[in-house]
S.K.: 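Sharing a structure below in structure tokens format, with a few things to ask.
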Amino acid sequence: MVSLAGVSSKFSISSPRAWAEIDFSALRWNLARARESCGVDVMAVVKAGAYGHGLEQLARVFAEEGVAFLGVANVGEARRIREAGVGTRIYLLGATWAGEREEIVARDWTPCVSTLEEARHFSGLADAAGKRLKVHLAVDTGMGRGGFLPEDLPRVWPDLCGLEGLEIEGIGSHLPSADEDEAFTLGQMAKFGDVVERLGGAANLRWRHLANSAGLLGYPNPGCNLARPGLMLYGVSPLAGRAGDLRPVMTLKSRITLVRTLPAGHGVSYGRSFVTTRPTKVATVGIGYGDGYPRHVSGNGAEVWLRGRRFPILGRVTMDQLMVDVTSADDIAEGDEVELFGANLPVAEIAEKAGTIVWEVFTGITPRVTRCYVG
Ligand SMILES: *Cc1c(COP(=O)(O)O)cnc(C)c1O
């Protein structure tokens, strides 16, 4: 038990209203499925706190499992991984600020470069530090977010190779619509393969990577020897048709705080968008949008999982609480555990009812939600 200075010891710490159970065995299972998919090495994408699952904790598991790289969004995330004692190679997925590059060189993190200027800057810093920095080239085959254009790269390649401080050890590109546009994605793959060939292929580029989760589950990745899955590691397939035998890692839970019966004609929640038409047994649950449960599901038929079955949410989700219709059940009691999504209720369903994507639901779970690690 944690002790709080100045608080009378006769009061125990209150247990959290909302928590997320994170299942490491499911995580390991999903990683194995990712490795199987194409038989390539894996860069586990752990940006945004491992998609809300907990950066340090998941980085440790991926390190134990021997992934080739951990993919992060920025230097702050890279620092946290090192401070957690994880030594796996770190790849920076996005562009870096000039002011961050000296640290990147000093700590041997691996950036992807999009311009000759960036590459020159890194090279100069590495020279000054008396080392050669391993970098990857980013190629923009259609994402429009960063990278050399494929038609420009062969022209600047000799300049890049002449940079003494750099070892160009890899090349990567990104797929914007692997989950919705097969023809475009296949075109990107062809472009990528073509540019890799023009730079000398595997002989010159140790790591070649293109696939996110959708690219890994939905396509062969010829010529690539590394993939960068995120979402599928957390147990969700981005492809409706290809569930891919994945297991949900996060189960978001709360408890019933109150059960009452309201008469017909009584409004429930803000705006009174729902009004009872019959006597209704209403359970109040201790989670809301302040925990990251999406308010936008309100009125769209979202359900929760409780005592082994589904019950509908009534009216709008509030900041800290939401209400559920439990009229059909006579075994519901205060303190009952409620699953908002996870093992029994697919998070994809909640994202769809909220008009958003699973990535946003995961990364929106706020720090107020205690993460509990199992398995
Ligand atoms: C986020 C990201 C990924 C992982 O994408 P998922 O769809 O979650 O698998 C891969 N590559 C890059 C460059 C990314 O930014």
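Since we're looking at a predicted model, the values are computed, not measured. Start at 1 and go down the list; that is how both ligands and their atoms are numbered.
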S.K.: For Pro229, is at least one N or O under 3.5 Å away from an N or O on ligand 1?
M.R.: no
S.K.: Applying a heavy-atom cut-off of 4.0 Å, say which part of Arg145 lies close to ligand 1: side chain, backbone, both or neither.
M.R.: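 Side chain only; the backbone of Arg145 stays clear of ligand 1.
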S.K.: Using non-hydrogen atoms of the residue, decide whether Ala214 is closer than 4.0 angstrom to ligand 1.
M.R.: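 False for this residue.
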S.K.: We want to know whether Glu100 and Thr96 form a side-chain donor-acceptor pair, criterion being a heavy-atom distance below 3.5 angstrom.
M.R.: no
S.K.: Around Arg272, counting heavy atoms of other residues, nucleotides and ligands shown, do more than 12 lie under 6.0 Å from its CZ?
M.R.: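 Count not over threshold, so no.
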S.K.: When you measure from atom 12 (C) of ligand 1 to every protein heavy atom, which one gives the shortest distance, and what is it?
M.R.: His174 CE1, 3.3 Å
S.K.: Can you tell me the protein heavy atom closest to atom 9 (O) of ligand 1 and the distance?
M.R.: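 The closest one turns out to be Ser213 OG, 2.5 Å.
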S.K.: How are the rings of His209 and Tyr91 set to each other: parallel, tilted or perpendicular (split at 30° and 60°)?
M.R.: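 The arrangement is perpendicular - the two ring planes meet at more than 60°.
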S.K.: Could you tell me, atom by atom, which parts of ligand 1 come under 4.0 Å of a heavy atom of Leu231?
M.R.: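 So the atoms of ligand 1 that pass are 6 (P), 8 (O), 9 (O).
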S.K.: Taking the six-membered ring for Trp, are Phe69 and Trp207 ring centroids under 6.0 Å apart?
M.R.: yes
S.K.: Is the Lys NZ or Arg CZ of Arg33 less than 6.0 Å from the centre of Trp29's six-membered ring, within 45° of the axis?
M.R.: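 The answer is yes, since Arg33 meets both limits relative to Trp29.
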S.K.: Identify the closest protein heavy atom to atom 14 (C) of ligand 1: which residue and atom is it, and at what distance?
M.R.: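 Going by distance alone, atom 14 (C) of ligand 1 is nearest to Lys47 NZ, 3.0 Å.
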S.K.: Considering heavy atoms of the protein only, find what lies nearest to atom 11 (N) of ligand 1 and give residue, atom and distance to 0.1 Å.
M.R.: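 Checking every protein heavy atom, the shortest distance to atom 11 (N) of ligand 1 gives Arg228 NE, 2.9 Å.
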S.K.: Could you check whether any side-chain heavy atom of Phe184 comes within less than 4.5 Å of a side-chain heavy atom of Leu175, counting everything from C-beta outward?
M.R.: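 A side-chain contact is absent here, since even the closest heavy-atom pair is not under 4.5 Å.
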S.K.: Taking 4.0 Å as the limit for heavy-atom contacts, which would you say applies to Leu93 with ligand 1: side chain only, backbone only, both, or neither?
M.R.: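 Within the 4.0 Å criterion, Leu93 contacts ligand 1 through side-chain atoms alone.
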S.K.: For Arg17 and Thr257, which I'm curious about, is there any donor-acceptor pair between the side chains at under 3.5 Å?
M.R.: no
S.K.: Quick one: look up the protein heavy atom nearest atom 8 (O) of ligand 1 and list residue, atom name and how far away it is.
M.R.: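 Going atom by atom, the protein heavy atom closest to atom 8 (O) of ligand 1 ends up being Tyr51 OH, 2.6 Å.
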